[in-house]
Amino acid sequence: MAVPRCSLFCLLVIFYVSSIYGYEPTWESLDSRPIPEWYDEAKLGIFIHWGVFSVPSFASEWFWWDWKGQSTPAVVEFMAKNYPPDFTYADFAKQFTAEFFNAVEWAQMFQSSGAKYIVFVSKHHEGFTNWPSAHSFNWNSMQVGPHRDIVGELMNATRSNTDLKFGLYHSLFEWFNPLYLQDKKANFTTQNFVKFKTMPELYELVNNYEPEIVWSDGAHGPVDYWQSREFLAWLYTNSTVKDTVVTNDRWATGTLCHHGGFYTCSDRYNPGFLQKHKWENAMTIDRKSWGFRRTARLSDYLTMEEILQTFVETVSCGGNMLMNVGPPHHGHITPVYEERLRNMGKWLKVNGEGIYKSKPWTYQNDTLTKGVWYTKNNSSGSTTVYAFVFNWPGELLSLGLPLVSEVSKINLVGDSTFLDYKPRSTKGVDITIPLYSVNELPCQWLWAFKITAVEN
Ligand SMILES: *[C@@H]1O[C@H](CO)[C@@H](O)[C@H](O)[C@H]1NC(C)=O
Ligand SMILES: *[C@@H]1O[C@H](CO)[C@@H](O)[C@H](O)[C@H]1NC(C)=O
Ligand SMILES: *[C@@H]1O[C@H](CO)[C@@H](O)[C@H](O)[C@H]1NC(C)=O
Ligand SMILES: *[C@@H]1O[C@H](CO)[C@@H](O)[C@H](O)[C@H]1NC(C)=O
Ligand SMILES: *[C@@H]1O[C@H](CO)[C@@H](O)[C@H](O)[C@H]1NC(C)=O
Ligand SMILES: *[C@@H]1O[C@H](CO)[C@@H](O)[C@H](O)[C@H]1NC(C)=O
């Protein structure tokens, strides 16, 4: 269907009307809702993939599909070699024991990363719900495996021990749910899966746990089939989180990067230039998987340099980063993940002033020196620009873009010493870098220079 484009004025009118009379289940109405400000200010969230797939923890969280759906040889062989022939995927659920899962420890560890929100996988494509859903008989964390309300414990721990916002991931489709497969076979002309499974549990999830992010996924099917616009109209109008909730864009085939709240577009989306619409880079520390992998090698985990470079590029271009950790089936987060989280927090403690609540500047990356990305903080009335440099600059840092004047001041973030600088002929600046010994540097991995009174 061709939708006529709405002008800014028209959007404002729709938003005004919607905020009084409620949202309509149309994209015109739903897309007119401004994304609550807290989300743009937050910049960093932690994504957590945990489920029955964390038991085999082999290949990835797509294990069941790899095994029975597309018969990936390595996975088929792994099962043949290590399990009896009658072993089913459902049998793994008993071993999802969660004996070391301590929701308070998790919440505090996520907080220590400097993140401002978390997004926990409440149900992945396998269909197992990490809460006692009334719509997932015998395939939920209360009846099988942990025998605990994982979502509830994490919600409580997050809300009573941290100031992190609590968000939930939810997969609309399920690989092997017979109701979904029947609907799909009928070319989505029947809706039994939507009516009796996925939508009732999604409403249940929001009513019981009041997530401030609803991160939808697995949107394989047309929008009329999923009834996701009806859900969003209710979420934005009548739910208890209507004023603060943020959503993403994975609501049906074809909505990614086009409709909903912030855009995720594709996994690990990192376009490298300024985006018109608020977006999120959902990425994972293990470059090969979102779920825990027992066979991961050290080189499979992103280094701090890689994580921070991705983060800075993302924030420069107006995005948030949602960084994923995959805990093992027993619930104790492994030290490699813990180290990345705590290091992120150490770095943000020093450099957060150029990150949180920042806005994209006129330019995103420098033209003269490679690996320099910018953010802006205009809270003081004049523009302050932060130049994040990927490589330590040696004696001189030449930037091609910031237009500075005599009143500008430049310092390395985390060190109050003002540095000598010379404006370049048209724009840009040459900054003299003094000799710092390694332990005088305020942080490792990637550094920020703060430039005040920038005129462009
Ligand atoms: C969460 O906290 C509430 C209030 O203290 C309590 O009633 C509920 O049982 C807790 N839920 C879980 C799953 O621990
Ligand atoms: C399935 O539905 C779509 C959209 O309504 C239609 O274009 C397509 O021809 C249908 N396919 C079959 C096999 O009926
Ligand atoms: C919101 O609730 C009101 C009152 O119950 C109802 O009339 C309206 O249809 C609801 N709107 C949505 C989008 O759920
Ligand atoms: C902006 O700069 C001021 C002064 O350096 C600092 O206190 C503040 O945290 C920065 N960030 C925001 C969003 O104001
Ligand atoms: C700026 O970023 C873009 C997108 O990543 C890249 O193509 C370009 O080479 C960068 N410019 C410099 C000078 O590094
Ligand atoms: C400064 O920041 C405020 C709040 O984020 C924004 O509304 C305003 O447009 C910004 N001003 C400039 C000149 O960018």
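Values reported hereafter were calculated over all heavy atoms of this structure, with side chains retained and with hydrogens, waters and symmetry mates removed. Numbering of ligands and ligand atoms starts at 1, following listing order.
Atoms of ligand 3 found under 4.0 Å from any heavy atom of Ala233 (numbered from 1 in listed order, with element): 13 (C). Listed by number with element, the atoms of ligand 5 under 4.0 Å from a non-hydrogen atom of Gly272 are 4 (C). Which parts of ligand 3 touch Trp234 is read off a 4.0 Å heavy-atom cut-off, strictly below it: atoms 13 (C), 14 (O).
Taking a 4.0 Å cut-off on heavy atoms, Trp373 registers as neighbouring ligand 5.
Ligand 5 has an N or O atom lying under 3.5 Å from an N or O atom of Lys370, backbone or side chain.
Listed by chain and number, Asp149, Gly152, Glu153, Asn156 each place a non-hydrogen atom less than 4.0 angstrom from ligand 1.
Residue contacts with ligand 5, taken as heavy atom pairs separated by less than 4.0 Å, involve Asp366 solely via the backbone atoms N, CA, C and O.
Taking the ring centre of Tyr386 as origin, the terminal cationic atom of Lys376 falls outside the region bounded by 6.0 Å and 45° from the ring axis. By the 6.0 Å and 45° rule, Lys409 stacks over the aromatic ring of Phe418. Cation-pi contact between Lys165 and Trp38: present, with separation from the ring centre below 6.0 Å and deviation from the ring axis of at most 45°.
Centroid-to-centroid, the aromatic rings of Phe173 and His125 come within less than 6.0 Å. Remark: aromatic rings of Phe120 and Phe47 are distant, center separation not under 6.0 Å.
With a 4.5 Å cut-off on side-chain heavy atoms, Ile150 and Trp50 count as touching.
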Please assess Trp447 against Phe390 for the test ring-ring contact (aromatic ring centres under 6.0 Å, His included), listing each intermediate value before the final yes or no. CA-CA 7 Å; Trp447 301 267; Phe390 293 0; over 10 Å; no

Step-by-step side chain to side chain contact (heavy atoms under 4.5 Å, CB included) determination, Leu232 to Trp251: CA-CA 9 Å; Leu232 289 170; Trp251 294 105; 3.7 Å; yes

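Taking CG of Asn365 as the start and CZ of Phe388 as the end, the distance is 13.5 Å to the nearest 0.5 Å.
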